[in-house]
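These notes are about the structure you will find just below.
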Amino acid sequence: MSYEKSNQWVKHIDFAVIDLVCMEVSLLAANMLRHGPLYPFTESNTYIYLALSAAVLLVAYMFFAEPYSGILRRGYLRELRSVIINNVGLMVVLLVFLFAVHSTATYSRLMLGYFVAINIVITYFSHVFWKRWIRRRTNAPERGRAMILVVGRKEARKCVERILKNPYGVVKLCGVILLDKNGPDAQTITGDGRHASVSYAAPSQDSEIPEIMGIPVIGNEDALLNYCKLNVVDDVLFFNTPLCLKKYRDILLNMGIRVHRNMVELEDNYLKYQVNTINGIMTLSTSITPSSLWQMAVKRGMDILGGFVGCLATLIITIFVAPIIKIQAPGPIFFSQTRVGKNGRRFKIYKFRSMYKDAEERKKELMAQNKMKGFMFKMDNDPRIFPFGNILRKTSLDEFPQFFNVLKGDMSLCGTRPPTLDEYIQYAPHHKSRLAMKPGITGLWQVSGRSQITDFEEVVRLDNEYIRNWSLSLDLKILFKTVLVVFARKGSV
């Protein structure tokens with residue numbers, strides 16, 4: 001099960017609007033600079049067509065590239081780098097579009113160059129200015145909700161650090177209540193599981209901490225209600241303090257203060273969580289595959305389109321390769337094998353046959369020559385591959401029938417390599433994580449030099465890196481790299 005990740009371009013709609021305005025201003029300035037100040041008005045049809053097309057393409061680019069991920073945490077150099085990359089990416093998309101509609105000769109290349117340069121400058125300074133305004137606005141004393149954190153001493157610094165990680169949030173941490181290890185949540189459990197006793201003790205004066213990462217420590221539990229009476233407090237967060245929460249919850253609610261309790265523990269490599277409802281039961285859900293419904297819909301749409309085109313290409317290729325396969329190694333043209341897909345689902349994978357008919361029987365005899373460390377089999381100069389089969393593999397033509405699997409929905413264009421049943425039954429629990437997404441024709445492992453990788457654990461690491469950091473833009477990058485790898489004939493044997 002995957003949880004739904006918030007869409008960055010929707011979350012930062014203000015930056016999206018700023019970028020659209022900056023782009024149109026840059027396009028207007030570039031046209032005036034290249035053709036004169038009256039060009040956008042005398043050639044209004046040509047200009048408006050480009051302006052509208054660029055706006056639509058920018059919105060599409062926001063969907064795929066997710067340019068606003070972590071934008072509020074970027075420094076000056078990271079922001080400049082991001083703006084440059086996004087502008088270059090947008091220009092590539094725009095040029096491809098103009099080429100597809102046969103309009104490249106209509107627009108000046110110098111004008112497009114001016115457009116990119118101007119847009120980088122004004123977009124960068126607009127982002128910097130807007131982030132400063134957001135910071136000034138959120139840091140204003142009258143803005144935001146004032147929150148008190150109630151936490152144990154051992155977890156205090158880590159919890160404060162996590163809260164302060166995003167300085168642009170609506171809630172502002174204005175104080176910390178420290179609970180001593182012998183405080184209200186310390187308890188002794190008897191052998192039969194009942195609470196034997198609960199002891200309370202204020203922290204000693206010599207152990208008092210004036211502040212944690214700049215946030216003042218108000219005191220111990222006894223100071224909570226008094227502070228809330230005399231100061232502005234909108235929220236109180238109880239972190240891992242169930243007894244203290246139970247004791248003060250109703251009192252704080254009656255004071256008009258919003259009460260919170262953490263639902264998950266603090267972890268170094270923490271996952272994101274989402275509250276869901278499953279058949280009427282409210283749950284806190286998490287997954288290593290962060291994805292939203294629209295992202296999955298777009299990915300499936302890409303698979304259907306790519307699968308359809310790939311199937312047509314496969315039919316054409318079959319006309320040429322089928323006779324050669326029949327002549328060199330009599331038998332079926334296509335090879336099918338049961339593979340394991342998403343979360344253990346089994347399906348038949350299809351390829352052009354590149355091995356002799358008895359390849360599976362001979363595999364056991366060749367296991368001693370396996371150069372892979374782990375549960376995958378690969379060897380140099382595999383005698384089971386007939387001569388034309390080597391050509392099919394080096395050119396990756398043997399993979400084309402897998403587009404039928406993509407069209408059926410068993411596989412995706414991008415994903416992880418689907419293991420055989422023999423490999424799958426040997427998996428340790430952590431190996432199965434690489435099956436958290438649909439397997440793909442290509443993936444991060446394939447474009448990272450698969451022939452040079454001989455350790456199965458490295459394959460698992462790359463697959464997990466792909467799954468945990470998945471995005472539509474990552475799929476597009478992998479598809480682009482795959483084309484380069486295939487034409488360079490690297491890592492395909």
Side-chain angles (χ1 to χ4, degrees), residues 1-13 15-16 19 56-74 78-79 81-94 96 123 127 165-166 269-274 285-307 341-343 406 409 411-417 433-448 459-485:
M1 174 181 175
S2 62
Y3 69 90
E4 189 170 326
K5 186 175 65 172
S6 62
N7 301 329
Q8 296 296 334
W9 75 275
V10 175
K11 179 181 177 182
H12 298 297
I13 191 69
F15 285 97
D19 285 357
V56 172
L57 292 173
L58 177 59
V59 173
Y61 183 80
M62 292 174 189
F63 270 99
F64 285 93
E66 300 179 359
Y68 307 121
S69 178
I71 188 171
L72 294 176
R73 296 189 297 271
R74 294 177 195 157
R78 282 187 60 196
E79 184 62 43
R81 177 177 176 270
S82 178
V83 168
I84 292 174
I85 291 175
N86 290 328
N87 271 273
V88 172
L90 177 62
M91 178 53 64
V92 170
V93 173
L94 181 60
V96 170
T123 301
H127 283 191
K165 198 168 187 179
N166 179 16
N269 298 317
Y270 68 100
L271 298 171
K272 294 182 180 179
Y273 294 84
Q274 183 186 23
S285 307
T286 188
S287 169
I288 64 170
T289 56
S291 57
S292 63
L293 293 177
W294 78 266
Q295 285 177 314
M296 289 291 97
V298 173
K299 183 175 175 67
R300 181 57 187 151
M302 291 169 56
D303 289 342
I304 292 174
L305 179 61
K342 183 178 179 180
N343 291 331
V406 173
M411 296 178 64
S412 178
L413 294 176
C414 292
T416 60
R417 173 191 173 274
S433 62
R434 65 190 299 267
L435 301 177
M437 292 185 72
K438 278 186 183 180
I441 294 179
T442 185
L444 189 59
W445 167 57
Q446 286 88 334
V447 299
S448 300
V459 174
V460 174
R461 187 192 68 78
L462 288 171
D463 285 341
N464 275 279
E465 181 180 333
Y466 167 77
I467 292 171
R468 291 176 182 272
N469 299 289
W470 178 82
S471 67
L472 293 170
S473 59
L474 179 59
D475 273 6
L476 294 176
K477 290 176 185 177
I478 290 174
L479 290 173
F480 179 72
K481 286 184 177 180
T482 299
V483 174
L484 298 180
V485 168

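Fair warning: this is a prediction, and the values are worked out from it, not measured in the lab.
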Inset, instruction - Answer yes or no: is there a side-chain heavy-atom contact under 4.5 Å between Leu476 and Met302? - result: yes
Legend entry - Non-hydrogen side-chain atoms of Ile441 and Met411 separated by less than 4.5 Å: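 Counting from C-beta outward, Ile441 and Met411 do come under 4.5 Å.
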side-chain contact (heavy atoms from CB on, under 4.5 Å) partners for [X], two or more places apart:
| X | answer |
| --- | --- |
| Ser82 | Arg74, Asn86 |
| Ile84 | Leu80, Val88, Ile120 |
| Asn464 | Ile288, Ser433, Val460, Arg468 |
| Leu474 | Tyr466, Ser471, Ile478 |

Legend entry - Results of salt bridge (Lys or Arg N to Asp or Glu O under 4.0 Å) for Asp463 - residues two or more places apart only: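 Result, salt bridge (Lys or Arg N to Asp or Glu O under 4.0 Å) vs Asp463: Arg434.
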Legend entry - Listed partners of Asp475 passing salt bridge (Lys or Arg N to Asp or Glu O under 4.0 Å), at least two apart: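 Asp475: salt bridge (Lys or Arg N to Asp or Glu O under 4.0 Å) contacts with Lys299.
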Testing the basics here: between [X] and [Y], what is the closest heavy-atom pair and its distance to 0.1 Å?
| X | Y | result |
| --- | --- | --- |
| Ile85 | Tyr61 | O-OH, 4.0 Å |
| Gln295 | Leu472 | O-CD2, 3.8 Å |
| Asp19 | Met62 | CB-CE, 4.4 Å |
| Val406 | Asp303 | CG1-O, 3.3 Å |
| Lys342 | Ala436 | CE-O, 3.5 Å |
| Ala16 | Tyr68 | CA-OH, 3.3 Å |

Inset, instruction - Kindly write out the residues that satisfy side chain to side chain donor-acceptor pair (under 3.5 Å) with Asn87, not counting sequence neighbours, or none if the list is empty. - result: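 For Asn87 the side chain to side chain donor-acceptor pair (under 3.5 Å) partners, ignoring immediate neighbours, are Asn119.
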Legend entry - Set of side chain to side chain donor-acceptor pair (under 3.5 Å) partners for Arg461, sequence neighbours left out: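 Residues passing side chain to side chain donor-acceptor pair (under 3.5 Å) with Arg461: Glu458, Glu465.
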Inset, instruction - Determine, stepwise, if the pair Val459 / Arg417 fulfils side-chain contact (heavy atoms from CB on, under 4.5 Å). - result: CA-CA 9 Å; Val459 174; Arg417 173 191 173 274; 6.0 Å; no
Legend entry - From Met296 atom CE to Lys438 atom NZ, the distance as rounded to the nearest 0.5 Å: 9.0 Å
